There are 2 protein chains.
Amino acid sequence: MEPHHPDRSEIELSAVLHALSDPHRLEIVRRLDQDSEPRACGTFGFDLSKSTMTHHFRTLREAGVIRQEREGTTKLTSLRREDLDARFPGLLDAVLSSEPVAV
Amino acid sequence: MEPHHPDRSEIELSAVLHALSDPHRLEIVRRLDQDSEPRACGTFGFDLSKSTMTHHFRTLREAGVIRQEREGTTKLTSLRREDLDARFPGLLDAVLSSEPVAV
DNA sequence: CCATAAGTTCGATGGATGTCGTACAATCAA
DNA sequence: TTGATTGTACGACATCCATCGAACTTATGG
């Protein structure tokens, strides 16, 4: 079964803020924004287990921050920038324009 | 002893996002922004116990979102808008411009 | 068909979090 | 001084959360 993505109108501010309040997840979003190309989950090189990464990606997806699509054996992840900009104008830019933190 | 307020440069994005990710705390910040006048802690009328309110105000204060100053028997709370705007430009406006949610 | 690679699922675990009630401290008014 | 008002401190408790390892699924490539 395909994973669930909330509709744009269903994206909740508190869920987005909570998703972005974890340093690992914020760094994921930061890199997705820089690349502007869908990216495989395993290409982030964090010192975390696979199951923990799955947990973080699920948190971001269920909050409506990212989109995940299966592509063969991998899973491409992309930022839902248009949806986020439409729903919370300026939020993503404000968050991403702050200085990165080491993770 | 006076409660601790982080210096502007010490305010961390993850702490701010976490503080704002709770609906009650977000509503507190929303009202502080509308009033633009320092406000007593007890004037928010939430259906929460006093100790829970203390907890939320402490979370906001330690994240650097609000300032608390004793004034007689009450405690005036104000938004640290200048500090937040300087440290994370546009963040507070983006958060506050989204539609309020019932609490 | 088999092995490998990429993620998910499923407990488990230690720590944080939101909530409460009761007791306490500080200030002001009578 | 006594009482009322405001808020804090301290446990307690149920839940959530970030993390892990091990077992599983799904697709790809010999």
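Note on naming: letters A, B, ... go to the chains in the order of the sequence lines (proteins, then strands), and numbering restarts at 1 for each one. Because the structure is predicted, anything quoted here is derived from the model rather than measured.
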Side-chain N or O of [X] versus OP1/OP2 of [N]: is the shortest distance under 4.0 Å?
X: A:T74; N: C:dA5; result: no
X: A:H18; N: C:dT17; result: no
X: A:H56; N: D:dT19; result: yes

Between [options], which nucleotide has the shortest distance from any of its atoms to the side chain of [X]?
X: A:T54; options: C:dG18, C:dT8, D:dA18; answer: C:dT8
X: B:S49; options: C:dG7, D:dG7, C:dG21; answer: C:dG21
X: A:L48; options: D:dC20, C:dG7, C:dC20; answer: D:dC20

Rounding to an integer number of Å, can you tell me how far [X] [atom1] sits from [N] [atom2]?
X: A:D47; N: D:dA18; atom1: CG; atom2: P; result: 17 Å
X: B:E69; N: D:dT6; atom1: CD; atom2: P; result: 19 Å
X: A:M53; N: C:dA5; atom1: CE; atom2: P; result: 18 Å
X: B:L60; N: D:dT8; atom1: CG; atom2: P; result: 12 Å
X: B:F44; N: D:dG7; atom1: CZ; atom2: P; result: 10 Å
X: B:D22; N: C:dA16; atom1: CG; atom2: P; result: 18 Å
X: A:R61; N: C:dT9; atom1: CZ; atom2: P; result: 8 Å

Worksheet item: With a distance cut-off below 6.0 Å to the six-membered ring centre and an angular limit of 45° from the axis, does A:R39 pair with A:F44 as a cation-pi contact?
Response: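 Yes, A:R39 lies over the aromatic ring of A:F44.
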Discussion item. Can you confirm whether A:F46 sits close enough to A:T52 that some side-chain heavy atom of one is under 4.5 Å from a side-chain heavy atom of the other?
Written reply: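 No, too far: nothing below the 4.5 Å cut-off.
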Worksheet item: Got A:E62 and A:H5 here, is their nearest side-chain heavy-atom distance under 4.5 Å?
Response: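 The answer is no; the side chains never approach within 4.5 Å.
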Worksheet item: Sequence neighbours excluded, which residues qualify as salt bridge (charged side-chain N to carboxylate O under 4.0 Å, His left out) partners of A:D22?
Response: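 With sequence neighbours excluded, A:D22 shows a salt bridge (charged side-chain N to carboxylate O under 4.0 Å, His left out) to no residue whatsoever.
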Worksheet item: Under 4.0 Å between a Lys/Arg side-chain N and an Asp/Glu carboxylate O for B:D93 and B:R81?
Response: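 Salt bridge between B:D93 and B:R81, a charged N being under 4.0 Å from a carboxylate O: yes.
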Discussion item. Salt bridge check, B:E27 against B:R31: does any charged N sit closer than 4.0 Å to a carboxylate O?
Written reply: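 Answer for the salt bridge query: yes.
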Donor-acceptor under 3.5 Å ([X] side chain, [Y] main chain):
X: B:R25; Y: B:A19; answer: yes
X: A:R87; Y: A:I11; answer: yes
X: A:S97; Y: A:A94; answer: yes

Practice prompt. Using a cut-off of strictly less than 4.0 Å between a heavy atom of the residue and any atom of DNA chain C, enumerate the qualifying residues of residues 23-35 of chain B by number.
Written response: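 Contacts with DNA chain C under 4.0 Å: B:H24, B:R25.
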Response to the item:
In B/S/- notation (B base, S sugar-phosphate only, - none; protein heavy atoms under 4.0 Å), nucleotides 22-30 of chain D written 5' to 3' is -----SS--
